[in-house]
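If you read the sequence from its start, that first residue is 1, and numbering goes on from there. In what follows, every heavy atom counts, from backbone to side chain, and hydrogens, waters and symmetry copies are set aside. Please read all numbers here as calculations on a predicted model, not as lab measurements.
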Amino acid sequence: MVEIAFAPKDAKHEVKVFLCPEGKKVNVEGGFADVYQSALKQSGFSGKKQTFCRVYTDKGQTIFVGAGKIKTDFEAQELGGYLYKLLKDEEQAAVFSGDEGNTLLNIAFGIEIASYRFDKYFTQKKADELPKLEKVSFIAEDAKQLAQEYKKLAALANGVRFARDLCNEPANVLNPESFAKEAERLSYLGLDVDVLNLKDLRKLGMNMLLSVAQGSVNEPKVVILKWKGKPKQKEFDTALVGKGVTFDSGGISLKPGNGMWDMKGDMTGAAVMVSVMKTAALQKLPQNVIAAVGLVENMPSGSATRPGDIVTSMSGQTVEILNTDAEGRLVLGDVLWYVQEKYKVKTVIDAATLTGATMRALGNQYAGIFGNDEKLIKALIHAGNESGERLWQLPINDEYNKWMDSDVADMKNLSSSANAGGSTAACFLQRFIQKDVKWAHLDIAGVDKEEKGSLLVPKGATGFGVRLLTDYLNALK
């Protein structure tokens with residue numbers, strides 16, 4: 001990712017960028033003022049959003065970029081993404097802007113997350129095929145203060161990068177054990193990290209999670225990360241739970257071959273929650289937060305769970321497994337129960353690439369949000385709107401819940417109806433939420449990856465949820 005710097009004056013960069021608000025006259029001074037004014041006039045440049053005028057002189061190039069009318073932090077970040085698109089083939093650039101403070105910081109943040117690339121496995125690409133941009137310097141009088149304030153957004157960019165890296169890794173590299181080791185390394189930041197192994201999970205009775213993992217040679221793990229931003233407070237303010245299926249073949253209920261390669265990303269919920277914890281530690285978040293992620297691989301084999309099997313969850317409730325490809329809810333159910341039972345948390349948020357139904361309903365524009373507390377849901381939706389990672393509330397009710405009843409056990413893992421799959425999956429999870437616990441479930445299927453690439457997200461894993469949940473946690477009192 002591109003290095004971001006703040007400086008009180010220009011160090012004579014050959015590429016200079018002037019950010020120009022829409023509708024305001026562009027004032028240019030110096031020896032090339034006439035050249036600039038002539039070029040701007042001929043191009044019809046007005047400062048409109050996502051427009052530019054590039055001028056070359058013997059001193060280098062100057063780019064006038066339309067800033068439009070920035071009203072939100074996210075719009076400033078998108079401008080940063082647009083700047084990266086214009087500058088990626090340069091080595092360095094200096095940016096001049098009439099904006100200061102928060103807008104400038106978010107433009108810089110946009111450049112940084114837009115510059116993310118996952119290219120570690122390329123061996124044949126030539127240097128001129130890769131982006132060249134290494135550093136962008138923002139020229140501002142209060143550069144020292146801005147550099148200090150930017151540390152918080154730099155930490156968030158680090159968290160986004162970490163989530164994307166985890167999700168882009170192939171499943172032959174990232175399995176439950178290697179994922180757990182990646183999480184353990186974060187202890188250097190002051191996070192307390194515990195890893196539960198197969199023996200621990202059997203002792204706890206996490207039989208739903210174990211049923212998903214039993215067809216794979218890779219043993220399951222549950223990783224718990226704790227951040228104590230309020231060291232004198234014993235309780236945790238919030239628990240984060242993530243689905244970490246490092247590869248999902250569907251098990252015995254095998255998925256179609258076409259597109260199965262994308263199932264390396266079925267651990268996105270876990271990656272997001274671990275990355276939020278990394279961000280919390282880097283930002284020194286003044287909250288007590290705990291995250292628990294269930295890491296498994298869902299594979300078909302002679303030892304795999306069969307459709308029709310019945311397992312007893314950690315909660316004591318029994319589940320008839322009708323389809324082994326409805327596995328994420330089994331993993332989440334046990335981990336949700338564990339964090340409530342052991343740590344007595346009163347607010348729980350989970351995230352998972354859970355259902356194709358939610359993806360079909362909302363596409364790649366929104367993640368679905370379900371829950372039992374409207375205040376919590378509204379706070380998360382607000383954080384999503386602010387961060388650009390938008391949520392749309394979908395319903396759960398008693399009728400959907402009845403669809404999850406089984407004829408031979410307390411519940412089944414697949415609804416009796418082919419419809420409302422996102423809602424019925426959420427109803428399944430709600431059966432593992434204890435009394436008086438506030439709960440929200442984020443179904444991030446569809447927003448976990450970018451098929452074509454956008455201003456802030458190159459093609460591949462998005463890390464959706466890191467910005468949203470970090471904003472939410474920072475807003476807590």
Side-chain angles (χ1 to χ4, degrees), residues 1-4 50 74-75 77-90 107-134 136 156-174 179 182 245-248 255-272 274-275 351-353 356 358-360 362-367 384 387-390 442-468:
M1 292 168 81
V2 169
E3 178 186 352
I4 299 296
Q50 294 185 25
F74 182 66
E75 287 176 343
Q77 292 167 19
E78 285 195 315
L79 175 57
Y82 183 69
L83 282 180
Y84 175 73
K85 184 179 178 181
L86 293 178
L87 297 172
K88 65 181 181 180
D89 292 328
E90 312 298 336
I107 293 171
F109 176 71
I111 290 175
E112 192 166 0
I113 63 171
S115 67
Y116 171 84
R117 289 293 180 274
F118 187 78
D119 52 16
K120 64 185 285 188
Y121 294 109
F122 288 120
T123 63
Q124 304 297 317
K125 278 201 172 187
K126 298 177 182 178
D128 60 4
E129 295 180 89
L130 300 172
K132 298 181 179 66
L133 188 62
E134 296 179 357
V136 175
L156 179 55
N158 190 311
V160 171
R161 176 176 65 238
F162 188 55
R164 291 176 180 176
D165 278 347
L166 289 171
C167 296
N168 281 323
E169 284 287 359
N172 63 319
V173 173
L174 194 77
F179 193 143
E182 287 291 329
V245 181
T246 59
F247 189 78
D248 181 20
K255 291 178 180 292
N258 187 31
M260 196 192 289
W261 48 83
D262 276 339
M263 290 301 101
K264 68 177 185 177
D266 209 19
M267 34 59 69
T268 298
V272 166
V274 171
S275 299
T353 48
T358 297
M359 179 173 63
R360 286 188 290 275
L362 302 176
N364 65 353
Q365 297 299 301
Y366 295 85
S387 66
E389 295 184 329
R390 298 179 298 174
L442 310 183
D443 191 336
I444 57 175
V447 295
D448 59 313
K449 59 183 176 293
E450 177 62 51
E451 298 289 353
K452 298 179 180 178
S454 65
L455 283 176
L456 294 175
V457 186
K459 186 177 180 179
T462 64
F464 183 103
V466 178
R467 287 180 283 158
L468 150 68

> Would you call L456 and R467 a side-chain contact if the rule is heavy atoms closer than 4.5 Å?
Replying inline: yes
> Going from CG on L156 to CZ on F109, what distance comes out if it is rounded to the nearest 0.5 angstrom?
Replying inline: 4.0 Å
>> For the NZ atom on K459, are there more than 12 heavy atoms of other groups (residues, nucleotides or ligands in this structure) within a distance under 6.0 Å?
In response: no
> Which distance, rounded to the nearest 0.5 Å, do you find between the CD of E3 and the CG of L133?
Replying inline: 10.5 Å
> Which heavy-atom pair separates L166 from S275 by the least distance, and what is that distance?
Replying inline: CD1-OG, 4.5 Å
> Between the side chain of R164 and the main-chain N/O of I113, is any donor-acceptor distance below 3.5 Å?
Replying inline: yes
> Any side-chain heavy atom of Y116 within less than 4.5 Å of one from D165?
Replying inline: yes
> Is the count of non-hydrogen atoms from other residues, nucleotides or ligands lying under 6.0 Å from K255 atom NZ greater than 12?
Replying inline: yes
> Are the side chains of K264 and L174 in touch, meaning some heavy atoms are under 4.5 Å apart?
Replying inline: no
>> I need the minimum non-hydrogen distance between R117 and P131, along with the two atoms involved.
In response: NE-CG, 3.9 Å
>> Quick check against the 3.5 Å criterion: does T462 have a side-chain atom that pairs as donor or acceptor with the backbone of V447?
In response: yes
>> Could you check whether any side-chain N or O of E389 sits under 3.5 Å from a backbone N or O of L468, counting only pairs where one atom can act as donor and the other as acceptor?
In response: yes
> Going from CD on E112 to CG on N158, what distance comes out if it is rounded to the nearest 0.5 angstrom?
Replying inline: 8.0 Å
> In Å, rounded to the nearest 0.5 Å, how long is the span from CG of L442 to OG1 of T353?
Replying inline: 12.0 Å
>> L455 vs Q50, test: side chain to side chain contact (heavy atoms under 4.5 Å, CB included). Steps then yes/no.
In response: CA-CA 11 Å; L455 283 176; Q50 294 185 25; 3.2 Å; yes
> Does a side-chain heavy-atom distance below 4.5 Å link F162 with V466?
Replying inline: no
> What do the steps show when you test E450 against F464 for side chain to side chain contact (heavy atoms under 4.5 Å, CB included), and what is the final call?
Replying inline: CA-CA 10 Å; E450 177 62 51; F464 183 103; over 6 Å; no
> Given side chains that start at C-beta, do those of K449 and D262 come closer than 4.5 Å, heavy atoms only?
Replying inline: yes
> Are any of the side-chain heavy atoms of C167 and M267 separated by less than 4.5 Å?
Replying inline: yes
> Does the side chain to side chain contact (heavy atoms under 4.5 Å, CB included) test come out yes or no for K120 and E169, once each step is laid out?
Replying inline: CA-CA 10 Å; K120 64 185 285 188; E169 284 287 359; 2.7 Å; yes
> Is a donor on one side and an acceptor on the other found under 3.5 Å between the side chain of E90 and the backbone of L87?
Replying inline: no
>> Could you check whether any side-chain N or O of S115 sits under 3.5 Å from a backbone N or O of V2, counting only pairs where one atom can act as donor and the other as acceptor?
In response: yes
> Can any side-chain N or O of N168 pair as donor or acceptor with the backbone N or O of A461 at less than 3.5 Å?
Replying inline: yes
>> So, taking the atom named CG in D448 and the one named CG in D443, what distance separates them when rounded to the nearest 0.5 Å?
In response: 9.5 Å
> What pair of heavy atoms forms the shortest contact from A114 to P458, and how long is it?
Replying inline: O-CD, 4.3 Å
